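This is a predicted model, so every value here is computed, not measured. Just so you know, these numbers use all the heavy atoms, side chains as well, and skip hydrogens, waters and symmetry mates.
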Amino acid sequence: RRHFILGHYRPADGSVSPFFLLQAKDADLCFPLVSPDLLASDYRLAPPPELLAKLGAAAPEELAVFAVVTLRDRLEQITVNLQGPILLNPASGLGLQFVAEQFPLRYPLIRP
């Protein structure tokens with residue numbers, strides 16, 4: 001079990017960013033995140049009741065959903081993992097990674 005801190009990514013130029021950072025409290029581990037709704041308008045999850053209970057949620061609408069961004073050298077090669085979203089319950093402070101096999105593992109951040 002790991003403890004993380006979720007925060008907004010703040011660019012050096014002070015601009016507003018759609019990205020978040022999930023930083024491990026006890027290790028040098030950090031994941032860039034983005035809301036999958038910004039990338040895929042049809043992105044809908046149906047977590048099972050036992051997963052909702054594990055997160056202390058009564059309904060999927062109580063959860064915040066994030067996708068992990070995989071950074072690459074070239075901007076057009078950056079991808080987002082829509083298949084393994086991070087589900088967080090802001091009320092309980094609990095979260096986990098969920099497998100949604102119907103979505104791609106490497107979805108382009110920037111579509112041509």
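Linking ILVMFWY side-chain heavy atoms closer than 4.5 Å, directly or via other members, places L105 and L87 in two distinct hydrophobic clusters. Cluster membership for I86 and L21, using ILVMFWY side-chain heavy atoms within less than 4.5 angstrom, is not shared. V34 is connected to Y9 through a chain of hydrophobic side-chain contacts under 4.5 Å among Ile, Leu, Val, Met, Phe, Trp and Tyr, so both are in one cluster.
Of the candidates V65, L52, L55, L52 is the only one forming a side chain to side chain contact (heavy atoms under 4.5 Å, CB included) with P47.
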side-chain contact (heavy atoms from CB on, under 4.5 Å) evaluation trace for F98 with L51: CA-CA 9 Å; F98 178 67; L51 188 138; 3.4 Å; yes
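At least one side-chain heavy atom of R2 sits under 4.5 Å from a side-chain heavy atom of D26. A 4.5 Å side-chain heavy-atom check between L71 and V69 finds at least one atom pair inside the cut-off. Between L33 and L6, the closest side-chain pair of non-hydrogen atoms falls below 4.5 Å. Side-chain contact between L82 and V80 is present, with at least one heavy-atom pair separated by less than 4.5 Å. Annotation: side chain of L45 is not in contact with side chain of P60 (no heavy-atom distance under 4.5 Å).
Using modelled atom types, one side-chain atom of Q97 and one backbone atom of G84 make a donor-acceptor pair closer than 3.5 Å. Checked by atom type and distance alone, the side chain of Q83 never pairs as donor or acceptor with a backbone atom of Q102 at under 3.5 Å. Not one N or O on the side chain of N89 forms a donor-acceptor pair closer than 3.5 Å with the backbone of L63.
Taking a 6.0 Å sphere around CG of D73, one finds it holds 12 or fewer heavy atoms contributed by other residues, nucleotides or ligands. Within a 6.0 Å radius of CZ in R106, other residues, nucleotides and ligands contribute 12 heavy atoms or fewer. Shown here is E76, whose CD atom has more than 12 heavy atoms of other residues, nucleotides or ligands within 6.0 Å. At most 12 heavy atoms of other shown residues, nucleotides or ligands fall within 6.0 angstrom of atom CG in D28.
Take I110 and apply the side chain to side chain contact (heavy atoms under 4.5 Å, CB included) test, not counting sequence neighbours, and it matches L75.
Among residues at least two apart or in separate chains, ring-ring contact (aromatic ring centres under 6.0 Å, His included) pairs with a member in residues 27-67 are F20-F66, Y43-F103.
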